[in-house]
Amino acid sequence: MKTTLSVGLPSYKEVRTNLGVAWRNSPATVLLVACCVGWFLLMQSITGHTPVGDVRAGALVVGTVWRGHIYEFVSSLFVHASWLHLLVNMISLWSLRIVEQIFRWRFFLVVYVLAGIVGNLISVFFFSPGTILLGASGAIFGIFGVILVMSYLGLFTKRTTYWIWFLLAVNLLFDLVQPQINILAHLGGLICGAGLLFLFRNFGNRHMVWKGASYVCIVLIGLAWIGVCARL
């Protein structure tokens, strides 16, 4: 019997099936990636891909954030400076979805939002007024914090561990070649993510705690979107 191997594009049915699997296993990851990409394509296309446009799209501005723009602590997590910035962050975020598959979407979302906020909070106390902060890196490093602790505890195979360290190395390399990258946000997010994992170990069986926290994070994202739209 003669067989042939298909090397072309996947069919519509295959794409739909793959998307369905991704949605069932990693709904928060899918939505966060969609929000970041959508924010870049829609919101930032309206405001313009310039420093001024980034601020209008929700980037955090040190100093003025306390003057009625507190939502920028969340909105800035979805604003990116360039296609390369967005691409590196989204590849990293998608590759770290194993955290969501293990701990479920509520914990994953809480880590993303809280780590991003903590990273921004630390940054505003060290950067001079007028500095623009943006990007999902601090939030993603929060997920790195979770996964590095899990790796340290020996919960992954060697192959998975190597892949994690490779991703971390790529992000650190990107930091070195992009001088405007906020290292403080990365460090704050990393520590926050690791801390949340230890909290999960103690309160992981208290479903209402993480359920309530996840709803708060969803509300914060919604308020950030409203805040940005209101000033366009």
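In this chain, numbering begins with 1 at the start of the sequence shown. Side chains are part of it too, since the values below use all heavy atoms of this structure and drop only hydrogens, waters and symmetry mates.
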Requested in this report: Decide if the gap between the ring center of Phe166 and the ring center of Trp163 is smaller than 6.0 angstrom.
Outcome: yes

Requested in this report: Grab the two heavy atoms, one from Asp54 and one from His80, that are nearest each other, plus how far apart they are.
Outcome: OD1-O, 4.2 Å

Query raised in the report: Is Thr64 reaching over with its side chain to a backbone N or O of Arg67, donor-acceptor style, under 3.5 angstrom?
Result: no

Query - Check: Gly119 main-chain N/O paired with Ser123 side-chain donor or acceptor under 3.5 Å - result: yes

Report task. To the nearest 0.5 Å, tell me how far Trp39 CH2 sits from Ser76 OG. Result -> 9.5 Å

Report task. Search all heavy atoms of Glu72 against all heavy atoms of Val61 and return the closest pair with its distance. Result -> OE1-N, 3.2 Å

Report task. Begin with the C-alpha distance, continue with both residues' side-chain angles, and end with the deciding distance and a verdict on side-chain contact (heavy atoms from CB on, under 4.5 Å) for Phe125 and Val62. Result -> CA-CA 8 Å; Phe125 291 109; Val62 177; over 6 Å; no

Report task. Let me see the working for Asn120 and Val65 under side-chain contact (heavy atoms from CB on, under 4.5 Å), right down to the final yes or no. Result -> CA-CA 11 Å; Asn120 281 335; Val65 67; over 6 Å; no

Query raised in the report: Taking C-beta and beyond as the side chain, do Cys217 and Arg106 meet within less than 4.5 Å on heavy atoms?
Result: no

Query raised in the report: Tell me, do Phe103 and Met150 make a side-chain contact under 4.5 Å, heavy atoms counted?
Result: yes

Requested in this report: Hey, could you give me the CZ/CG distance between Phe107 and Leu197, rounded to the nearest 0.5 Å?
Outcome: 5.0 Å

Query raised in the report: Atom CZ in Phe108, atom CG in Leu96: separation rounded to 0.5 Å?
Result: 7.0 Å

Query raised in the report: Are Phe200 and Trp210 an aromatic pair by the rule of ring centers under 6.0 Å?
Result: yes

Query raised in the report: Side chains of Trp105 and Leu31: closer than 4.5 Å at any heavy-atom pair?
Result: no

Query - Value rounded to 0.5 Å, distance of CD1 in Ile143 from OG in Ser95 - result: 11.0 Å

Report summary line: Scanning both residues in full, the closest heavy-atom pair of Gln44 with Ala57 reads CG-CB, 3.7 Å

Report summary line: When every non-hydrogen atom of Tyr71 is compared with those of Gly227, the smallest separation belongs to OH-O, 3.4 Å

Requested in this report: First locate atom CG of Leu93, then atom CG of Leu86, and finally report the distance between them rounded to the nearest 0.5 Å.
Outcome: 10.5 Å

Query raised in the report: Below 4.5 Å, heavy atoms only, C-beta onward: do Cys229 and Met43 meet side chain to side chain?
Result: yes

Query raised in the report: In terms of hydrophobic clusters joined by side-chain contacts under 4.5 Å, are Phe40 and Leu87 together?
Result: no

Query raised in the report: Is there side-chain contact between Leu223 and Val74, with at least one heavy-atom pair below 4.5 Å?
Result: no

Query raised in the report: Under a single-linkage definition using a 4.5 Å side-chain heavy-atom cutoff for Ile, Leu, Val, Met, Phe, Trp and Tyr, are Leu153 and Phe198 assigned to the same hydrophobic cluster?
Result: yes

Query raised in the report: If you group Ile, Leu, Val, Met, Phe, Trp and Tyr by side-chain heavy-atom gaps below 4.5 Å, do Phe144 and Tyr152 land in one group?
Result: yes

Query raised in the report: Rounded to the nearest 0.5 Å, how far does CG of Leu32 lie from CZ of Arg97?
Result: 13.5 Å

**Report entry** Heavy-atom pair of closest approach, residues Ile132 and Pro51
**Finding:** CD1-O, 3.9 Å

Query raised in the report: Do Leu199 and Val110 belong to the same hydrophobic cluster, where Ile, Leu, Val, Met, Phe, Trp and Tyr are linked whenever their side-chain heavy atoms lie under 4.5 Å apart, directly or via other members?
Result: yes

Query raised in the report: Going by heavy atoms in the side chains, are Phe78 and Leu134 under 4.5 Å from each other?
Result: no

Query raised in the report: What's the verdict on side-chain contact (heavy atoms from CB on, under 4.5 Å) for Leu220 and Val216, showing C-alpha distance, side-chain angles and the deciding distance?
Result: CA-CA 6 Å; Leu220 290 176; Val216 169; 4.1 Å; yes

Query raised in the report: Any side-chain heavy atom of Arg231 sitting closer than 4.5 Å to one from Val55?
Result: yes

Report summary line: Shortest non-hydrogen pair, Asn89 vs Ser137, comes out as OD1-OG, 3.2 Å

Report task. Give a yes or no on whether Ile147 and Ile91 share a hydrophobic cluster (residues Ile, Leu, Val, Met, Phe, Trp, Tyr; joining criterion: side-chain heavy atoms under 4.5 Å apart). Result -> no

Query raised in the report: Can the ring centres of Trp66 and Phe73 be said to be less than 6.0 Å apart?
Result: yes

Query - Leu60 side chain reached by Val124 side chain, heavy atoms, under 4.5 Å - result: yes

